[in-house]
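Written out below as structure tokens is the structure these notes cover.
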Amino acid sequence: MPKVLVSTVINAPIERVWHTASDFNGLPAWMPGMMDSVIEPGKSATEIGAVRKLGMTGSKDILRERLEVLDLNTHTITYSVLEGPLPVKKILTSMHLRPITDSYGTLGEWSTQFETEPGKEEEGVQFMTRVFGAGFRALKKHLGV
């Protein structure tokens, strides 16, 4: 099962980064390619098991993701992809934030594991690496850092 880890330093305090990154319904505010987000009925955006439907820019495709972990103590948010137009499947993704104590910054780590069609593993790794890299760049821009 392929795995991807992308990390970055964000020049903002962890509390500020966590406030944005942990908003399960707030992804379209900063993530490229996401047009809107709606939490499906039954759970709030902070409840484990909540499902968000993400509209994608320039497409009628919908990405549905379920919140699996939202841990305020470890600054970890984990979600699984239930359906969508991605070249990978059975996706489990986590964003973990850690304080950088000597500069009041944040270390961001975005990781995932997934399955692909046989022989498409490297394509999946490259795709997810690009998504996470673009996401971190957009998060920094959104935070003004």
Side-chain angles (χ1 to χ4, degrees), residues 1-57 61-117 120-145:
M1 185 175 277
K3 295 179 181 179
V4 170
L5 170 67
V6 174
S7 61
T8 193
V9 172
I10 303 168
N11 293 318
I14 192 167
E15 296 81 12
R16 186 166 164 228
V17 180
W18 178 247
H19 177 75
T20 298
S22 67
D23 181 358
F24 191 61
N25 201 32
L27 196 63
W30 58 272
M31 184 68 180
M34 298 297 127
M35 186 173 51
D36 55 31
S37 178
V38 175
I39 299 297
E40 293 182 0
K43 297 198 180 274
S44 74
T46 58
E47 287 182 88
I48 301 306
V51 175
R52 66 182 173 196
K53 286 184 3 182
L54 295 159
M56 302 174 75
T57 306
D61 291 323
I62 297 293
L63 186 61
R64 290 180 68 238
E65 299 176 331
R66 181 177 54 228
L67 183 62
E68 306 291 350
V69 174
L70 185 63
D71 190 324
L72 298 142
N73 295 318
T74 64
H75 298 97
T76 302
I77 182 169
T78 301
Y79 53 94
S80 58
V81 176
L82 303 176
E83 64 183 84
L86 305 178
V88 293
K89 56 189 177 182
K90 294 188 180 177
I91 307 161
L92 185 64
T93 298
S94 291
M95 183 184 287
H96 181 120
L97 304 176
R98 293 192 239 192
I100 300 174
T101 59
D102 72 341
S103 66
Y104 301 106
T106 302
L107 174 64
E109 298 174 317
W110 213 340
S111 61
T112 191
Q113 59 185 30
F114 53 86
E115 292 181 4
T116 66
E117 298 298 324
K120 302 270 187 173
E121 295 84 2
E122 185 56 33
E123 181 182 324
V125 166
Q126 290 177 11
F127 175 79
M128 295 306 292
T129 300
R130 284 192 309 271
V131 167
F132 292 166
F136 271 140
R137 286 188 299 277
L139 178 58
K140 290 177 186 183
K141 183 177 179 183
H142 178 77
L143 293 170
V145 297

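A distance of 11.5 Å separates CG of L107 from OG1 of T101, quoted to the nearest 0.5 Å. Taking CG of D71 as the start and OG1 of T76 as the end, the distance is 5.5 Å to the nearest 0.5 Å. Distance check, rounded to the nearest 0.5 Å: CG of D36 to CE of M56 gives 11.5 Å. To the nearest 0.5 Å, atoms OG1 (T106) and NE2 (H96) are separated by 10.5 Å.
Closest heavy-atom contact between F24 and R66: CZ-C, 3.9 Å. For P32 against A134, the heavy-atom pair with the smallest separation is CG-O, 3.9 Å.
Considering only residues two or more places apart in sequence or on other chains, S22 meets the side-chain hydrogen bond (donor to acceptor under 3.5 Å, both in side chains) condition with none of them. Applying the ring-ring contact (aromatic ring centres under 6.0 Å, His included) test to F136 and every residue at least two apart in sequence or in another chain returns W110.
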Which atom pairs, one a donor and one an acceptor, fall under 3.5 Å between side chains of residues 40-49 and the rest of the protein, sequence neighbours left out?
{"unit_1": "E40", "atom_1": "OE1", "unit_2": "R64", "atom_2": "NH2", "d": "3.1"}
{"unit_1": "E40", "atom_1": "OE2", "unit_2": "R64", "atom_2": "NE", "d": "2.7"}
{"unit_1": "E40", "atom_1": "OE2", "unit_2": "R64", "atom_2": "NH2", "d": "3.3"}
{"unit_1": "S44", "atom_1": "OG", "unit_2": "T46", "atom_2": "N", "d": "3.4"}
{"unit_1": "S44", "atom_1": "OG", "unit_2": "T46", "atom_2": "OG1", "d": "3.2"}
{"unit_1": "S44", "atom_1": "OG", "unit_2": "E47", "atom_2": "OE2", "d": "3.4"}
{"unit_1": "E47", "atom_1": "OE2", "unit_2": "S44", "atom_2": "N", "d": "2.7"}

Show me the side-chain donor-acceptor pairs of residues 124-133 shorter than 3.5 Å, one per line, residues at least two apart or across chains.
{"unit_1": "Q126", "atom_1": "NE2", "unit_2": "E122", "atom_2": "OE2", "d": "3.3"}
{"unit_1": "T129", "atom_1": "OG1", "unit_2": "V125", "atom_2": "O", "d": "2.7"}

Which pairs would a plain distance check flag for residues 84-94, meaning a side-chain donor or acceptor within less than 3.5 Å of a matching protein atom at least two apart in sequence or in another chain?
{"unit_1": "K89", "atom_1": "NZ", "unit_2": "E117", "atom_2": "OE2", "d": "3.3"}
{"unit_1": "T93", "atom_1": "OG1", "unit_2": "T112", "atom_2": "OG1", "d": "2.9"}
{"unit_1": "S94", "atom_1": "OG", "unit_2": "T78", "atom_2": "OG1", "d": "2.6"}

Give every donor-acceptor pair under 3.5 Å between a side-chain atom in residues 1-18 and any protein atom, sequence neighbours left out.
{"unit_1": "T8", "atom_1": "OG1", "unit_2": "K140", "atom_2": "NZ", "d": "2.7"}
{"unit_1": "R16", "atom_1": "NH2", "unit_2": "L143", "atom_2": "O", "d": "2.2"}

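Tested against L63, the residues L82, V81, L27 include a single side-chain contact (heavy atoms from CB on, under 4.5 Å) partner, V81.
Annotation: H142, atom NE2; neighbour count of heavy atoms from other residues, nucleotides and ligands within 6.0 Å is above 12.
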